[in-house]
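What follows is a set of notes on a single structure, which appears directly below.
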Amino acid sequence: FVVGGYKWRVLIFPKGNNVEHLSMYLDVADSANLPYGWSRSAQFSLSVVNQIDQKYTTRKDTQHQFSARESDWGFTSFMPLSELYDPSRGYLVNDTIVVEAEVAVRKMVDYWTYDSKKETGYVGLKNQGATCYMNSLLQTLYHIPYFRKAVYHMPTTENDMPSGSIPLALQSLFYKLQYSDNSVATKELTKSFGWDTYDSFMQHDVQELNRVLCEKLEDKMKGTVVEGTIEQLFEGHHINYIECINVDYKSNRKESFYDLQLDVKGCRDVYASFDKYVEVERLEGDNKYHAENHGLQDAKKGVLFLDFPPVLQLQLKRFEYDYMRDTMVKINDRYEFPLQLDLDRDDGKYLAPDADRSIRNLYTLHSVLVHSGGVHGGHYYAFIRPTLADQWYKFDDERVTKEDTKKAFEEQYGGEEELPQINPGFNNTPFKFTKYSNAYMLVYIRESDKEKIMCNVDEKDIAEHLRIRLKKEQEEKEHKKKEKAEAHLYTIIKIARDEDLKEQTGKDIYFDLVDHEKVRSFRIQKQLPFSTFKEEVAKEYGIPVQFQRFWLWAKRQNHTYRPNRPLNPHEEMQSVGQLREISNKAQNAELKLFLEVEFGLDLQPLPPPEKSKEDILLFFKLYNPEKEVLCFVGRLFVKALGKPSDILRKLTEMAGFTPDEEIELYEEIKFEPNVMCEHIDKKLTFRASQLEDGDIVCFQKSPKADSGTQVRYPDIPSFLEYVHNRQVVHFRSLEKPKDDEFCLELSKLHTYDDVVERVARQLGLDDPAKIRLTSHNCYSQQPKPQPIRYQGVEHLLDMLVHYNQTSDILYYEVLDIPLPELQFLKTLKVAFHHATKEEVVIHSIRLPKNSTIADVIIDLKTKVDLSSPTAELRVLEVFYHKIYKIFPLHEKIENINDQYWTLRAEELPDDE
């Protein structure tokens, strides 16, 4: 038979497949003829029909991924042959059995090409690391249209930033969920919660997140057109009562709720949990109730509901504290919940006598939020019926899929599941396993409010500034996507000019000539002739084509960039794409060009001078030691066999010096990993000094020994060394780790002593040794747990490196004794529990590291109030209120960790 476009057959062993059972399998009929690597998935059931009474029909179901290796799948021990062949059982009638196969072929989904919007009409939310619990909650809230509409109607302005405004971030998120074609990011929303990146990787409590989010929105809705929406949707009321049995006294307290926490353990379904919720507790015996004016009385205590909200959120208590094991555990018990929940059942037994009974409390299931995993982690996703129709959808982070009712509903009850038997010849005991995926939150919508809550939400509900902003964002995204798709047709040409060199040197950069990220970029079609590009440059800069000469930049072996050579006439006739290929040969990832333009005295452009092989283009930087300034002053063509002495007059003119000023010249060669800057001998030729096109010559006035002026960096090499190692560090107090307190410009080569000396000067402290520093954790954006040991690192750079990242933050604290002394001491926090008074006092005990517990006790006795002068003390190690160890007196304190354990000191009881 054919199902889902595939051929199938049922394979039956009427006498059993080497077992005393009927064996039955679903088989791919044409597996021998299918192409290599074929695969298909199917959920199926096989049945032997009872021809006397259909309710005794034997049916088994399973699912399987069929392939060449496993082309049949089913049940070796389907049912005992003794039952099958017994005429009184009704399976074999007139020597005939009736077999049924029900097959549902599951569409094979390619994870990478799957398009949620195309397949389901909905899009998912991106997971930031451990935010699946938040994603399932947000999808649930988004699919309550009345809630979404209220969020859209919250007043926000075009000047608000989503990362600083929860309403705007939520509006933006909901808009994208409604109109985007791809999964949506939640970073703006988590930033508006005040979470940093690290917080996004921590699983928060879903119920807490739901309450905090609703409270914040409720607060923001006050005084607006949507004020009260949260209460209208989610708020219900119950009454806590205590009623005396023998006297006429009753105490009532009305309380509101946004969600209800229902017990799972010991309850088979939602109704059993509600029964438990309103269960009456008897207060009698030692537990009598103290009634006003009546003394101690036998009483009944309980909870009844005054009204339920239109949207009922039920938190199932899947996680609870196990007192026997002293830990949190997950309850994976089977727990059923209905599609239709009737809270008026049994004459409204959940309702208080004065509850409003005119409202029918009949609810329809809207969403099932599921947790898959254990108590310490797992994955969250949601099954939702967006229109309350029969079709369910699974919202699992980025992916949205259509699911059948059984998968979304019955399979989330939890409990145990039985595996189909596939090797039954040896042991016919079915294998059962616990299902770790189960519902932890249910959302029901009241039938009578369905029309109001499942309302229509369209563009007119969205503020105009939000529509404009988000459409603009979408257009920019589309534009970038288009650019990316067409990127192979275009190339980027970056043009550096003399103006860029003057603008950047000594401000943005000190080494090399220019930062190519900050020069003008042109996006040009590769097939265009280079001459067309020159016309565009003429328009941009007002330099006619005939006065332009372009130089290719080359990346040298020492990782510096220099103009290497001018383009020749033949190259200028080629297309931009061909030039890009030439550029790549010069180890240049993009087409980077230097535009050489010569100007006359009237500042009008001139044709570029002829350049022979003997001509070298050099770039010049001038250093001023008094001002500590290095700047680009110009470029010159020099003859290879000429000498620096030939151009000294020209250089003094460039610098504005007197013609007879003595100057020193240096070649800037490289700066990574170390600075290399060599003195140029003015008597040697440029060729002998190994200077070539694109090289940088730095010059300054010759330092004079008797000038009397004190400068920090008298020559160019010392200044470049300083710049290379310069590091601005942001210092924060360890007590306020979020706030920058001051910045200091330091050297990466500074020692620990150099750094603390500068910090002490900044803080006005006399003794730098009392300052202790702590490094920054780049991932958690927090101080590292352990401070830096005194002289434990060689240089400032070592203090700033965290794994492969470098930070610019250090934390400081001021100690009461110098750090070198403190490092030979150990400080322990000890909680002293008084023998007779109900008090606990924390004491800091600071002793040399080779001290023992006996020394701790001696020190403690001088600080604590003992019940008698002869009382003895002991010290215990406690973790989560549990005693793990009583310390022997001889134990050294050096290895004791009081970061995680609590140290408890107490008097030794008399009987011990």
Side-chain angles (χ1 to χ4, degrees), residues 498 501 505-506 509-514 551-566 586 594 596 598 608-625 629-707 711 713-724:
D498 289 333
L501 276 57
T505 311
I509 59 161
Y510 285 86
F511 303 100
D512 266 355
L513 290 169
V514 76
W551 289 65
L552 279 173
W553 291 80
K555 187 177 184 181
R556 295 183 176 178
Q557 284 184 328
N558 62 13
H559 302 292
T560 59
Y561 272 109
R562 301 282 189 269
N564 185 41
R565 63 174 182 83
F594 174 69
E596 177 203 342
E598 305 298 335
E610 285 294 319
K611 182 188 181 308
S612 69
K613 285 187 178 177
E614 288 302 304
D615 291 319
I616 300 172
L617 177 65
L618 296 178
F619 292 81
F620 292 89
K621 294 180 183 178
L622 171 65
Y623 175 55
N624 183 332
V629 171
L630 181 72
C631 58
F632 173 76
V633 287
R635 54 184 167 74
L636 292 173
F637 280 102
V638 299
K639 294 294 180 187
L641 296 173
K643 294 178 181 177
S645 52
D646 303 341
I647 60 164
L648 289 181
R649 183 172 285 278
K650 186 75 181 164
L651 291 181
T652 55
E653 195 181 301
M654 262 187 194
F657 298 159
T658 56
D660 57 345
E661 183 70 62
E662 280 287 310
I663 61 174
E664 297 297 321
L665 288 85
Y666 299 85
E667 183 194 355
E668 179 195 312
I669 299 168
K670 65 168 189 162
F671 57 92
E672 288 296 348
N674 302 308
V675 172
M676 196 169 171
C677 182
E678 292 182 352
H679 189 266
I680 296 172
D681 190 335
K682 287 181 272 195
K683 298 188 189 74
L684 294 178
T685 65
F686 289 108
R687 182 170 285 164
S689 296
Q690 297 184 341
L691 290 167
E692 58 186 58
D693 278 326
D695 278 344
I696 301 169
V697 175
C698 302
F699 68 100
Q700 66 176 94
K701 289 180 184 178
S702 296
K704 294 179 176 62
D706 57 347
S707 68
V711 291
Y713 309 104
D715 57 25
I716 291 162
S718 63
F719 175 70
L720 289 178
E721 196 68 49
Y722 152 70
V723 169
H724 184 253

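Within the 3.5 Å criterion, the main-chain N or O of I616 finds no donor-acceptor partner in the side chain of K611. A donor-acceptor pair under 3.5 Å links the side-chain atoms of S612 to the main chain of E614, judged by distance alone. The backbone N or O of D715 lies less than 3.5 Å from a partner atom in the side chain of S718, making a donor-acceptor pair. No side-chain donor-acceptor contact under 3.5 Å links N624 to the backbone of V629. Within the 3.5 Å criterion, the main-chain N or O of I716 finds a donor-acceptor partner in the side chain of Q700. Without hydrogens or angle criteria, D681 side chain to S689 main chain gives no donor-acceptor distance under 3.5 Å.
The heavy-atom pair separating C677 from P717 by the smallest distance is O-CG, 4.0 Å. Contact between N558 and I669 at its shortest, heavy atoms only, is ND2-O, 3.3 Å. Shortest non-hydrogen contact noted between Y666 and I680 is C-CD1, 3.6 Å. Summarising the geometry of E598 relative to P608, their closest heavy-atom pair is CG-CA, 4.4 Å, with the distance given to 0.1 Å.
Side-chain contact between D512 and F619 is absent, with no heavy-atom pair separated by less than 4.5 Å. P563 has its side chain out of reach of L552: every pair of non-hydrogen atoms, C-beta onward, lies at least 4.5 Å apart. Side-chain contact check for L665 versus I663: some heavy-atom pair is nearer than 4.5 Å. With contacts defined as side-chain heavy-atom distances shorter than 4.5 Å, the pair L636/K650 qualifies. The closest side-chain heavy-atom distance from F620 to I696 is not below 4.5 Å. In this structure, F511 and T560 have side chains that are not in contact, with every pair of non-hydrogen atoms separated by 4.5 Å or more. When side chains are defined from C-beta on, T658 does not count as touching T652, because their heavy atoms never get closer than 4.5 Å. The closest side-chain heavy-atom distance from F657 to L651 is not below 4.5 Å.
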Please test R562 against R556 for side-chain contact (heavy atoms from CB on, under 4.5 Å), starting from the C-alpha separation and ending with a verdict. CA-CA 8 Å; R562 301 282 189 269; R556 295 183 176 178; 3.3 Å; yes
Can you check salt bridge (charged side-chain N to carboxylate O under 4.0 Å, His left out) on D498 and R635, steps first, answer last? CA-CA 9 Å; D498 289 333; R635 54 184 167 74; 2.9 Å; yes
Begin with the C-alpha distance, continue with both residues' side-chain angles, and end with the deciding distance and a verdict on side-chain contact (heavy atoms from CB on, under 4.5 Å) for E596 and F594. CA-CA 6 Å; E596 177 203 342; F594 174 69; 4.1 Å; yes
M676 and F671: side-chain contact (heavy atoms from CB on, under 4.5 Å), yes or no, with the steps? CA-CA 6 Å; M676 196 169 171; F671 57 92; over 6 Å; no
side-chain contact (heavy atoms from CB on, under 4.5 Å) between V638 and I647, worked out: CA-CA 8 Å; V638 299; I647 60 164; 4.0 Å; yes
Test K670 against E678 for salt bridge (charged side-chain N to carboxylate O under 4.0 Å, His left out), laying out the working first. CA-CA 10 Å; K670 65 168 189 162; E678 292 182 352; over 6 Å; no
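Relative orientation of the Y713 and Y722 rings is parallel, given thresholds of 30° and 60° on the angle between their planes.
Under a cutoff of 6.0 Å and an axis angle of 45°, K621 and F699 do not form a cation-pi pair.
The CD1 atom of I509 lies 10.0 Å from the CG atom of L630; values are rounded to the nearest 0.5 Å. In this structure, CG in L691 is found 10.0 Å from CG in L684, a value given to the nearest 0.5 Å. Expressed to the nearest 0.5 Å, how far SG of C698 lies from CD of E664 amounts to 13.0 Å. How far CG of D646 is from NZ of K682: 12.5 Å, rounded to the nearest 0.5 Å.
For Q690, the CD atom sits in a loose shell: 12 or fewer heavy atoms of surrounding residues, nucleotides or ligands are nearer than 6.0 Å. No more than 12 heavy atoms of other residues, nucleotides or ligands lie within 6.0 Å of NE2 in H559, so this atom counts as exposed by the packing criterion.
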